[in-house]
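Have a look at the structure below, then the notes.
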Amino acid sequence: MTDALQAPVRRRRRWPWILGLAAAALALTAVALSLVFQFGLPWWSDANDRNHVHVSSDGARQHYQVHLPPDHDGSAELPVMMALHGCGMTGFGWNSMKDATQFNALADREGFIVVYPTQRPFESFINCWNSSDPRNQVRGSGEPALLAGVAREVVSTYGADPDRVHVSGASSGAGAAVILAATYPDVFATVTSVAGGEYGLNQVDPDDPDSTPPSATARQAWAHMGDRARPLPLLVVQGGQDDVVPTIVGERLVDQWVALHDLIDDGLLNDSLALTSETVHHPPAGTQYGYEHTTFRTPQGRALVEYIFADRLAHAWSHPDSRGLFTDTAGPDVTRIAWAFAQTHDAAPAGDR
C-alpha cells in the first residue's frame, strides 16, 4: 500500500525537471532567433562583407558590417557611406538596411565602402536607435559615441578617406544620423535623412509645433558642434504619404538646417548666407512616380541643404531593387540620390565659411 502511494509522488516530482528543460529550450530558441534577427545567417553575406565589433572605452559593444568594393586593396583612400536602419529593422540581419538600400551594388560600381551598424540587442523593444533620448544627443557618450567610433575604426582599418565619411539613415536611423552631424561634424562630411526629423525633435509638441521653432533646436545643434562647427550639407527625403513622420517634420528639418548654417556663418540668425532655393520637378518615368528636388545654395553656388519630396512615398526607403519592410520600389532612387549628394561634398575644415 505504501509503495502504491509513493509512485504518483515520484511521477509528480518529474514535472519540475520537464518544465525546466522546456523553459531552457524556449530560452535557447529565443536567443537563437534574436541572433538571426540581428546578425543574419552566414550565407546572407558575400565574400566582400566583413563583420566587426567596436568596443568603446567603457566596454560598450557595437556590431557592424563593412562591405568592400571588389577592387579594394587598401592602396587608395576610398570614401565611406554609413547606413543606419530604422525601427523594426537591422543593419545586416533580418529586414536589413543592407537589403533596403542596395548600397552594396552601387558601391561595387562606384568604388566606396559601406558600413551597416545594427542596434544592440535589447536596447529598444522594436530595435530603434534611441535618437529621441537626450542621453543619445550628445558627444562623448551613448549611441553617437559608438557610431562615431565605428566610423573612425573603419577609416583606420581599411585606410578610408577621413574627409569623405558620410552618414545616411531611415526613420530613427535618420534621427541618429542628424544627431551625428551635430555632435561629430569633425567625423562626418554629409548627412542624409530619409523619413526623419530634426535634432531635438523630442522637444517639439506635435499639437503645437510652433511653440518650439526650428531656430530654437538649431541653436542647440550649433551649441553641440562647438568649436568644431562647420558647414555640413544635409539631404532630406520626405514622403507625402508618410503617416509615421508627417511632412511638417521633414520641412522643419530643412528649416532647422538652414538656420544652423546661418548660425555657423556668423553666430546670428540674420540670413547672412543669403541662401536661395531652386526646385526641379522630376516627372513620372515608367513605373517610377515623380518627385520634387529643392536645393538651397549660397550666392557662390554651394548647395548646403537639399530636399526631396515625393507625394506618393510613404514611410519607406525607395530604390528599384529594395527588399524588405518599409521599402518602395516605385519611388525615387534614394540610394543613387544620396550617393550623388555625398560625392559633391567633401568635409570642409572648421572655420571654412
Side-chain angles (χ1 to χ4, degrees), residues 83-84 86-87 128-134 136-137 144 166-185 188-206 208-225 229 231-264 269 273 275 277 279 291-297 303-311 313-318 332 334 337-338 341-342 345:
L84 300 176
C87 298
C128 301
W129 296 101
N130 296 300
S131 52
S132 62
D133 186 338
N136 290 307
Q137 298 173 359
H166 309 277
V167 60
S168 57
S171 191
S172 69
V178 168
I179 290 169
L180 287 173
T183 54
Y184 288 92
F188 297 96
T190 69
V191 56
T192 293
S193 167
V194 179
E198 70 203 77
Y199 180 91
L201 179 62
N202 55 293
Q203 303 170 40
V204 180
D205 183 351
D208 186 18
D210 291 340
S211 64
T212 307
S215 59
T217 51
R219 286 189 179 279
Q220 296 175 26
W222 179 51
H224 280 287
M225 280 186 164
L232 199 152
L234 167 75
L235 169 66
V236 177
V237 180
Q238 178 66 47
Q241 303 302 311
D242 192 334
D243 57 3
V244 178
V245 177
T247 300
I248 187 177
V249 177
E251 293 173 343
R252 283 182 58 99
L253 175 55
V254 170
D255 291 343
Q256 181 191 56
W257 226 247
V258 167
L260 175 60
H261 280 107
D262 194 10
L263 290 166
I264 291 169
L269 291 171
L273 289 174
L275 297 181
S277 64
T279 300
Y291 62 95
E292 297 177 351
H293 189 161
T294 302
T295 303
F296 296 80
R297 299 181 185 275
L304 293 179
V305 181
E306 299 189 29
Y307 180 53
I308 301 288
F309 179 76
D311 184 61
L313 182 64
H315 193 69
W317 186 286
S318 61
V334 172
I337 294 170
F341 172 77
H345 299 287

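Numbers here simply count residues along the sequence, with the first being 1. Below, all heavy atoms of this structure are taken into account, side chains as well, without hydrogens, waters or symmetry copies.
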Which side-chain N or O atoms in residues 169-181 pair as donor and acceptor under 3.5 Å with protein atoms at least two apart or in another chain?
{"unit_1": "Ser171", "atom_1": "OG", "unit_2": "His315", "atom_2": "NE2", "d": "3.0"}
{"unit_1": "Ser172", "atom_1": "OG", "unit_2": "Trp129", "atom_2": "N", "d": "3.1"}

side-chain contact (heavy atoms from CB on, under 4.5 Å) partners for [X], two or more places apart:
X: Ala303; answer: Thr295, Arg297, Glu306, His345
X: Ala223; answer: none
X: Leu313; answer: Val237, Tyr289, Ala310, Ala316, Ser318, Asp328
X: Pro214; answer: Arg252, Asp255, Gln256

inquiry  = What's the separation between atom CH2 in Trp222 and atom OG in Ser215, rounded to the nearest 0.5 Å?
reply    = 12.5 Å
note = Output for pair (Trp257 CH2, Ser193 OG), nearest 0.5 Å, gives 9.5 Å
inquiry  = Taking salt bridge (Lys or Arg N to Asp or Glu O under 4.0 Å) as the definition, give me every residue that meets it alongside Asp311, ordered by chain and number, with sequence neighbours left out.
reply    = none
Side chains of [X] and [Y]: does their closest heavy-atom pair fall under 4.5 Å?
X: Leu275; Y: Val305; value: no
X: Trp317; Y: Ser168; value: yes
X: Asn136; Y: Pro144; value: yes
X: Leu260; Y: Ile264; value: yes
X: Val204; Y: Glu198; value: yes

Taking every non-hydrogen atom, the tightest pair across [X] and [Y]:
X: Ile248; Y: Pro209; answer: CD1-CG, 4.0 Å
X: Val249; Y: Gly197; answer: CG1-CA, 3.6 Å
X: Leu235; Y: Ala338; answer: CD2-CA, 3.8 Å
X: Leu304; Y: Pro231; answer: CD2-CB, 4.1 Å
X: Ala195; Y: Val245; answer: O-CG2, 3.3 Å
X: Asp205; Y: Ser211; answer: CB-OG, 4.5 Å

message = Ignoring hydrogens and geometry beyond distance, is a side-chain donor-acceptor pair present between Gln203 and Thr212 at under 3.5 Å?
response = no
side-chain hydrogen bond (donor to acceptor under 3.5 Å, both in side chains) involving [X] - partner list, sequence neighbours excluded:
X: Thr190; result: His166
X: His261; result: none
X: Tyr291; result: none
X: Glu251; result: none

query = For the side chain to side chain contact (heavy atoms under 4.5 Å, CB included) test, which of Leu201, Asn202, Thr183 pairs with Gln137?
reply = Asn202
Residues forming a ring-ring contact (aromatic ring centres under 6.0 Å, His included) with Tyr199, sequence neighbours excluded = His224
task = Begin from the C-alpha positions of Phe309 and Thr247 and carry the test side chain to side chain contact (heavy atoms under 4.5 Å, CB included) through to its verdict.
result = CA-CA 9 Å; Phe309 179 76; Thr247 300; 3.8 Å; yes
